[in-house]
Structures are given as C-alpha cells and as structure tokens.
*Asks:* 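The following block contains the structure, expressed as structure tokens.
Predicted, not measured: the structure shown is a model, and the values here were computed from it. Each chain gets a letter, A, B and so on, in the order its sequence line appears, and its residues count up from 1.
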Amino acid sequence: MLDIKKLRENPEFFRTGLKAKRAETKLDEILANDEKRRSLVTETDLLKAIRNKVSKEIGDLKKNKADASDKIEEMQELGKKIKAMDNQIAELEDQLNSILVTLPNLPHESAPVGFSDTDNVEVSSWGKKPLYTFELKDHLDIAENLGILDMPRGAKISGSGFPLYMGKGARLERALINFMLDFHVEKHNYIEVYPPFLVNRDTAFGTGQLPKMEEDMYLCNADDLFLIPTAEVPVTNIHRDEIMKESDLPKKYAAFSGCFRREAGSYGKDTRGLSRLHQFNKVEMVQFTKPEESYTVHQKLLQDAEDILQTLGLHYRILNLCSGDLSFAAAKCYDIEVWAPGTHKYFEVSSVSNFEDFQARRANIRFRRESDQKVEFVHTLNGSGVATPRLVIAILETYQQPDGSVVIPEALRSYTSFDKIEK
RNA sequence: GGAGAGUUGGCCGAGUAGGUCGAAGGCGCUCGCCUGCUAAGCGAGUAUACUGUUAGUAACGGUAUCGCGAGUUCAAAUCUCGCACUCUCCGCCA
C-alpha cells in the first residue's frame, strides 16, 4: 500500500513511479477524494466533541433530578447528522481504498526503467556453461528414461502441471528441500519456520496477492481459504498487526512450503516437463528489517540464494529487473536464472525482492525505535532459496552422463544416500 | 459437527441494574530522587490510528479504539444481534 500522506505531498513523484511500473494512475481521483474526506472528518469530529460534552451534561442533570429533555432532543438531531456524515466518510474511504489497494509499489531508483523482461539488466553471473562431448538430452527425456518422473500419471491424478516424482526422483526432491533448509538455518542463521499452506483473505491481502491476483491462487471456496503461491505469504504475515522490537531486527526466517499456482493465462508457455507447474516445492527466505538496512540486507539475501547454486556447482546469471517487470509489491528485485544445458536456456529459480514498507503498510507490521520510542513500518524482503523444479531441471541436465545416468552433486549425497541415478 | 465458558492496555487483572472509563490496582519498562554496590524505597511517566492549529516528523487540541462488525441510546467496555478466535465436554478422525 502506498503512503497517502506522501502521495498528498508529492503526487508527481508517484505519477512518474507508477508509470514506470506500467500502472494505471488515478491519482487525481484519490487526491480529490482524500481532500473531501479530511474536511468531512474534521467537521464530524467537531460535532462529536459537542455531543460528548453535552452527553456528560445530561448525565449530571439527571443525577440532580433536573430536566434535560431540551438537550436530549438537541442531541437526537445532532446524532442523526453525525450518522449521516459518518456514512458519507465511510463511503469516501471505501472509494479511496478500492483504488489505493490496486496501486503497485513504486520502483526503487536503482531498478532500471523499462517495459518488459527484455529490458532487465544482467548484473553478474557465476560459473560458465559447461561443455559436453556427447549429445545432451533435456530434463524430461532424462527423467522419463530413468523412471523418476511421471507427468502423464500426474496429469491423470490431478491435471497437467502436477508432477509425480517416483523412486530416486522423489528422494532427490526431498533431499533438495532438506539440504536447502539446513543450509540456510545452519550456515546463514535463519530461523526455521513451517507455516500453514492455506491462508485467509487478510493474510493474502497483506503480502499483496489480494485483490489483484486472486485469479492466480487456488481458492477453497467452502472455507474461503487460499492455497499459498509461496511461503512468503504466511511467513510475512507472522508479524501482521504487530509492533516489533528494534533489537529483534533484522528478523530472518526460512521456510519450506508447497506452492500452488493456477498460472491462469500462461497456457502454452514453458509447458514442457518441470518448467512451469501448478504445484511445486520451494524454500523461501523472509526478512524484516529497519528501513535504513533493507538494501544492504537485500544484497545479502541475494548471496544466500546464490550460495545454494554455487554449492551445487550450477552456472547462473543474475538480472536486475526493470520497473515494468517488477511484481506488484516489489520496489526492487533480482532474478537468479540457472543454466539448463539440455534445454539450452536459463530458468528463473529465485526472485529476491525488497518490498520496502509496501507490504508492511498493508499488513501493519511496525517496529519501535529505541532512541525515541517512535513507531515505524518495517521493510520486508524475501528471496527464494530456491524453488526445486527448475533446480531439478538444472541438476539433471548439467550432471547427465553419456549413458543417460545422472551424477548427484557432492553436497547432496548425504541427503540422497546415493551418488548416481541410473536405470 | 453438537453443548457450554471466555476474549479488557506489554503482561496479569478490576470494571454488567449504561453516564465523570483510554479504562482501578499490580507487574514490567523509562526518567528522576535516595543509597558504599546491588536490592528495597520514593516521585513522575508509560497505547495506537485518524484529524486540526503550526514553519514544524516540536508542542498543544479534537475524534476513534476494551476480539471484529452492525444495532439500541442524549450517552455502551457495560444492553441486543451477527461473525472470528480460545478453552472444556461429547461425536468424528490422521
């Protein structure tokens, strides 16, 4: 949620930012509405002050057995007026809010201005594309050949985009989750979290999924609960409506969760194998920081995610997303794309975002400064650390052997208990 | 799923024949005093949001908030209705 006070003070700044984010701006409507609302509030508060005062007088009169009927009558009239004005205010607030909640966060100044993913800027990379002396297969061919992934049966059970891992494939999936979670907890000092996978509307609103992205989530209608698209949603909401201690910041959480996405409108794109799924697993890192620290933390968060790929020996590149490609709530975001030699493509395995106070405003997450006891919104950040399906793609394709088998990266072997997947 | 009890400020906990209750008291915390040190003691302070005056993120004022929402009333923490959550018992179940 954008800050209406700042918007009031500097609308042009917001207009420029929103335009870079490719958002429709109705700022004039918001500002006019806000103006009207404030004058009404002032007026109504004045009347309420009178009512409070006179009501006390009535109480005193009655106690002294004196006649108060004149005043009561007066207040009856006043009460009607107040009620009408309160209704008007509520209506104005509804209107104002309905627009405000659909406005995305502004891009940070260090995010390149641009329209689409072609304007994203590669800022760094690690490792390089490995060379092979034999003909490469893509992950689906490898996996089917090894019998570790059964997409047709997944489709039979649930529909397309629901993977069914079998045997060593299932074990590899579980190993990756444990490896990544242990890694972040033990090496990067995150607090491990195991969150609910179903969340209510307030929670989905807090991180910015609602109201605009409702169509992208699975809804359990009978209970009005959403299947989470990422652990970011429940984990960020841990501190919803709370005032945190300054000394608790930065707060670092790492959580595994299943992720469920309807991927509405993306049919026909990246459909092969594990590249785009309705259900997948991910370890997510979430941090709460003081405003002045968030961009330093953002860099560290990126490193924490990179660390996973480096340890697994996978080549990747990092993109600084342009304003137009940033998600609704993000001010800045790095995407990490891992190289898949068989598909000959980079796949996004992690998004590392700084939301500044955008989510904190929506979810009302604040902290108290020790110096002056003032309350402020925290900054929230998160990064995938990382999502498994495309990681599996990269592992299978990178470590495939001429005979169709796949060698397990060293760091994973204590988790898989095997060092090779073969027929 | 059925029946009952509950939800007050950072915590504990008063407060129901509606009125001076943003809310007693205690604990905690902050500042000051006192004191070889510590502890104890004494004094003061200790919510958030919106809004106004103002050059002011300073100061002062107003409004709202006692789980959430609506209602009754001149006036509601206190009455009525709906909802959420917690606890207990029964049923069901991994």
*Asks:* What is the nucleic acid contact for R369(A), judged by heavy atoms within less than 4.0 Å: base, sugar-phosphate only, or nothing?
*Replies:* nothing

*Asks:* Taking atom C1' in both G13(B) and U73(B), compute the distance separating them and give it to the nearest angstrom.
*Replies:* 30 Å

*Asks:* Identify whether the distance between the nearest side-chain nitrogen and carboxylate oxygen of E214(A) and R262(A) falls below 4.0 Å.
*Replies:* no

*Asks:* Should N52(A) be listed as having a side-chain N or O under 4.0 Å from OP1 or OP2 of A64(B)?
*Replies:* yes

*Asks:* Can you tell me the Watson-Crick or wobble partner of C31(B), both distances under 3.5 angstrom?
*Replies:* G43(B)

*Asks:* Which parts of nucleotides 49-54 of chain B does protein reach within less than 4.0 Å, heavy atoms only, written one letter per nucleotide 5' to 3' as B for base, S for sugar-phosphate only and - for none?
*Replies:* SSSS--

*Asks:* For K71(A), report the nucleic acid contact type (base, sugar-phosphate, nothing); a contact means any heavy atom under 4.0 Å.
*Replies:* nothing

*Asks:* Describe the nucleic acid contact of K245(A) in one word from base, sugar-phosphate, nothing, applying a heavy-atom distance below 4.0 Å.
*Replies:* nothing

*Asks:* For K6(A) and E9(A), run salt bridge (Lys or Arg N to Asp or Glu O under 4.0 Å): C-alpha distance rounded to whole Å, both residues' side-chain angles, the deciding distance at 0.1 Å, then the answer.
*Replies:* CA-CA 5 Å; K6(A) 285 189 185 145; E9(A) 282 161 21; over 6 Å; no

*Asks:* When you compare C50(B) with C29(B), how far apart are their C1' atoms, in angstrom units rounded to a whole number?
*Replies:* 27 Å

*Asks:* From C-beta outward on K62(A), which listed nucleotide comes closest to its side chain: U63(B), U48(B), G19(B)?
*Replies:* G19(B)

*Asks:* Roughly how many Å apart are C79(B) and U72(B), using the C1' atom of each and rounding to a whole number?
*Replies:* 8 Å

*Asks:* Out of U72(B), U48(B), U63(B), which nucleotide sits closest to the side chain of R368(A)?
*Replies:* U48(B)

*Asks:* For the residue pair R362(A) and F205(A), would you count it as a cation-pi contact if the rule is NZ or CZ under 6.0 angstrom from the ring centre and within 45 degrees of the ring axis?
*Replies:* yes

*Asks:* For A47(B), does either OP1 or OP2 sit under 4.0 Å from a side-chain N or O belonging to K374(A)?
*Replies:* no

*Asks:* Roughly how many Å is it from CG in D223(A) to P in C83(B), rounded to a whole number?
*Replies:* 15 Å

